[in-house]
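What follows is a short report on a single structure.
Since this is a predicted model, take the numbers as computed values, not measurements.
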Amino acid sequence: MTFYTTTPIYYVNAQPHLGHAYTTIAADVLARHMRQRGEDVFFLTGTDEHGEPVALAAEAEGISPKELADRNAARFEALMPRIEATNDFFIRTSDPRHVEAVRELMQRIYDAGHIYKGSYEGLYCPRCADFKTPSEVGEGDTCPVHGIELAVEKEENWFFRLSAFQEDLEKLFEDQPEFVRPVERRNEALSFIKGGLRDISCSRAGLAWGVPVPWDEEQVFYVWFDALLNYFTALSFAKPGEDLTDKYWPADVQLVGKDILKFHAVYWPAILMAAGLPVQKSLVVHGYLLMDGEKMSKSLGNVLDPFEVMDRFGADALRFYLLREVQFGADGTVSTEGFETRYETELANDFGNLASRTLAMVGRWRDGKVAATTLDPAVGNDLAPLADEVAALLDKVEPTQALEAIWTRIRRLNRYVEETAPWTLAKDEAEAERLDQVLATLVEGIRVVTIALHAFMPVSTAKLLDALGVEDTSWAAASWQAEGPGGEVGALEPLFPKS
RNA sequence: GCCCCGGUAGCUCAGUGGUUAGAGCGACGGACUCAUAAUCCGGAGUGCGCGGGUUCGAAUCCCGCCCGGGGCACCA
């Protein structure tokens, strides 16, 4: 089976921040997990580079839009290895291959009769060379960028017949109740559709930084059309010499933040329908990361800096924290205090220390050898369902619940240590076999939770698995007693050191 | 104004008809010593926003209200 997942492509007019890391990390966890399960995975991310804001920013700096895009795209591309993202390709919409593919697809939609010439009327800024939406316009009908007064202008441009897809979209949402998740976002998109769809303009005149309309080279496509199509076009050129489109399209899970719901839940499926292509299988919408209950913003100075966190604690800790702390799909609060608490209590104390104490005991009393003995069913009963539970939760894109399921088991293992008190068993020769069993059970328990955690925290789990002498990180190996009993474990530095 | 989601222990949240409503964090008391002064146990702490209703029985269903957040189109 194949599994294709995407993040939004990030607009190059901004610096990479926590929000970008968040979506990408979630997608990466899915991608890594599905690879563990043996799926043929394709994971796409990239940058959105066309449009007026980039053109304006470049102009302000006295460089070309392409130069600006090159510089800023590099920052996003550099983010990926930093957060341990294993994207299979990084698409840039300024890529000529993408541009060409967009032209072909839009031509197809045009030929099918879904695009017509119309006129757009609105407040126009001649300096921006673009229309302003009511929400963008400043006081007294002024341009928020240039501060000049705006006049109502008409522009001839091309319109996409969105209204023609009203019924098909409603049917899509009815036939596939889980097309958009979580349910409140589905409702929101559906009510938007049911409210009556109007056609939208899909081209802009007077803007050069974009994909030229093939049948009207004076115009470029509205940047959202160009951007949305990336999920499809990338497949045609991501792998040199091979077109992956048929293999991976339609995408299985497209992840987006709630701010771009409408584009992905309404426009994008309609565009695909217009092009005669299958619609993506699902759209999963996450919320905002808030700090002090407010949306993060640099001006408020309340940003949890992902780079600072990673410098001090590593990418794994950031990945864990974001997915653990905030119920995926809902808005949630993040903070440096919250991070430190999770890091110390859950990563260092619960998980890291469980590994340390277990390996130390095996080292001290058994010279690192794990006996090939029967495991304790008391723990086995609790750990055995874990792999299926986690897989089912990640199928539903519920990483927060998956982590909770794993942590319940980590706590179980710590409790088991107290219940059995291996240090007491170690003092009594008659309890030698029991001690073997307890230690072997603990090692197996740790192996199972660590493989389950591998997609979330690839770096630290790899260290631990190495110390455990475990090589197979496939999902099949995440089952209780998937591997034969016995083995040898090595030493381990604290996985999550406390400062 | 209309629509959607939420309002459960000090904090963050789980729980969507049925035993004395749960978890984690925090706080208090205790146990233990293998471990990154980690871990484990215990009691305490709420009767589930408010008011009605349905039901043998509701946090869980229905109605109304209050509070918070979001959406109601061409901002990426």
Side-chain angles (χ1 to χ4, degrees), chain A residues 8-14 48-54 120 122 130-137 144 157 159-160 162 182-202 204 222-225 227 257-263 266-267 287-288 290 293 295 324-327 329-335 337-338 341-342 344-365 400-401 404 407-408 410-411 413-426 435 438-439 442 492-499:
Chain A
I9 48 175
Y10 303 121
Y11 203 58
V12 284
N13 209 26
D48 178 13
E49 308 188 0
H50 288 133
E52 173 207 315
V54 167
Y120 184 86
D130 200 12
F131 289 90
K132 298 294 164 187
T133 64
S135 58
E136 293 183 284
V137 174
N157 48 36
F159 277 71
F160 173 63
L162 181 64
V183 68
E184 58 266 34
R185 305 267 91 100
R186 181 199 108 101
N187 292 345
E188 202 173 300
L190 183 56
S191 71
F192 176 81
I193 294 165
K194 287 192 165 169
L197 295 175
R198 283 183 247 149
D199 294 343
I200 51 176
S201 65
C202 65
R204 291 293 138 93
Y222 174 45
V223 68
W224 265 108
F225 282 78
K258 66 180 184 179
D259 51 330
I260 50 178
L261 170 69
K262 188 172 59 193
F263 299 99
V266 183
Y267 295 3
Y288 288 145
L290 309 173
K295 193 177 175 185
R324 173 76 167 142
E325 183 83 319
V326 178
Q327 168 61 41
D331 288 355
T333 305
V334 295
S335 66
E337 299 76 41
T341 300
R342 293 272 184 198
E344 290 208 358
T345 60
E346 301 194 332
L347 290 181
N349 298 352
D350 292 345
F351 182 50
N353 185 54
L354 171 67
S356 293
R357 68 198 305 207
T358 301
L359 293 188
M361 289 189 283
V362 176
R364 181 194 284 216
W365 298 315
T400 309
Q401 276 82 345
E404 176 59 26
W407 240 258
T408 299
I410 288 171
R411 293 196 197 95
L413 291 169
N414 272 319
R415 210 180 317 129
Y416 183 68
V417 176
E418 301 303 318
E419 285 166 7
T420 57
W423 46 92
T424 305
L425 300 175
L435 180 59
V438 167
L439 295 178
L442 283 170
L492 180 71
E493 291 295 301
L495 286 176
F496 304 100
K498 290 197 261 188
S499 47

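Note that CH2 of A/Trp224 is 11.0 Å distant from CD1 of A/Ile200, once rounded to the nearest 0.5 Å.
Using a 4.0 Å heavy-atom cutoff across all strands shown, A/Asp48 reaches sugar-phosphate atoms only and no base atom. At a threshold of 4.0 angstrom between heavy atoms, the contacts of A/Gly352 include nucleobase atoms, whether or not backbone atoms are also involved. Counting non-hydrogen atoms under 4.0 angstrom, A/Gly363 reaches nothing in the nucleic acid. Residue A/Val54 is classed as having no contact, given no heavy-atom separation below 4.0 Å to the nucleic acid. A/Arg342 comes within 4.0 angstrom of no nucleic acid atom, judged by non-hydrogen atoms across all strands. Note on A/Phe496: a base of the nucleic acid sits closer than 4.0 angstrom, heavy atoms only. When heavy atoms are screened at a 4.0 angstrom cut-off, A/Leu359 is found touching no nucleic acid atom at all.
B/rA31 and B/rG69 have their C1' atoms separated by 45 Å, with the value rounded to a whole Å. B/rU20 and B/rG7 have their C1' atoms separated by 25 Å, with the value rounded to a whole Å. Between B/rU60 and B/rG47, the distance separating the two P atoms is 15 Å to the nearest Å. The same atom, P, is picked in B/rG45 and in B/rA21; the two are 13 Å apart, to the nearest Å. Distance check on atom C1': B/rC28 versus B/rG17 gives 37 Å, rounded to whole Å. Only the P atoms considered, B/rC65 is 25 Å distant from B/rA73, to the nearest whole Å.
One interatomic measurement links the two molecules: CD of A/Glu346 to C1' of B/rG26, which rounds to 14 Å at whole-angstrom precision. In this structure, A/Leu492 atom CG and B/rU36 atom C1' are separated by 10 Å, rounded to whole Å. Going from atom CG of A/Asp331 over to atom C1' of B/rG68 covers 12 Å, rounded to whole Å.
Checked options A/Phe263, A/Phe160, A/Phe159; the residue passing with A/Phe225 is A/Phe160 (criterion: ring pair (Phe, Tyr, Trp, His ring centres under 6.0 Å)).
The partner of B/rG45, taking Watson-Crick or G-U wobble pairs whose two distances both stay under 3.5 Å, does not exist in any strand shown. Applying the Watson-Crick and G-U wobble criteria (two distances, each under 3.5 Å), B/rA58 pairs with nothing in any strand. Across all strands shown, B/rC72 forms a Watson-Crick or G-U wobble pair, both distances under 3.5 Å, with B/rG1. With a cut-off of 3.5 Å on both pairing distances, the Watson-Crick or G-U wobble partner of B/rA23 is B/rU12. When both pairing distances are held under 3.5 Å, B/rA37 makes no Watson-Crick or G-U pair with any nucleotide shown.
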Open item on the list: For nucleotides 37-42 of chain B, give me one character per nucleotide, 5' to 3': B if any protein heavy atom sits under 4.0 Å from the base, S if the only such contacts are to the sugar-phosphate, - if neither.
Closed with: -SBSS-
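Within residues 186-195 of chain A, the residues approaching RNA chain B are A/Asn187, A/Glu188, A/Phe192, by heavy-atom distance under 4.0 Å.
The main-chain N or O of A/His50 is found under 3.5 Å from a side-chain atom of A/Tyr11 such that the two form a donor-acceptor pair. Using modelled atom types, one side-chain atom of A/Asn414 and one backbone atom of A/Asp350 make a donor-acceptor pair closer than 3.5 Å. A donor-acceptor pair is defined here as one N or O able to donate and one able to accept, closer than 3.5 Å; such a pair exists between the side chain of A/Thr400 and the backbone of A/Val326.
In terms of polar N and O atoms assigned as donor or acceptor, the side chain of A/Thr341 never comes within less than 3.5 Å of the base of B/rC25 in a complementary pairing.
Listed by chain and number, the residues in a side-chain contact (heavy atoms from CB on, under 4.5 Å) with A/Pro422 are A/Met361, A/Trp365, A/Val417, A/Thr420, A/Leu435, A/Val438 (sequence neighbours excluded).
Residue A/Tyr222 places at least one side-chain N or O under 4.0 Å from the OP1 or OP2 atom of B/rA76. Contact check, A/Trp224 against B/rA76: a side-chain N or O comes under 4.0 Å of OP1 or OP2.
Along RNA chain B, the nucleotide nearest A/Leu197 and the nucleotide nearest A/Thr358 are compared for position; the residue whose nucleotide lies closer to the 5' end is A/Thr358.
Taking a cutoff of 4.0 Å between a charged side-chain nitrogen and a carboxylate oxygen, A/Arg185 and A/Glu188 qualify as a salt bridge.
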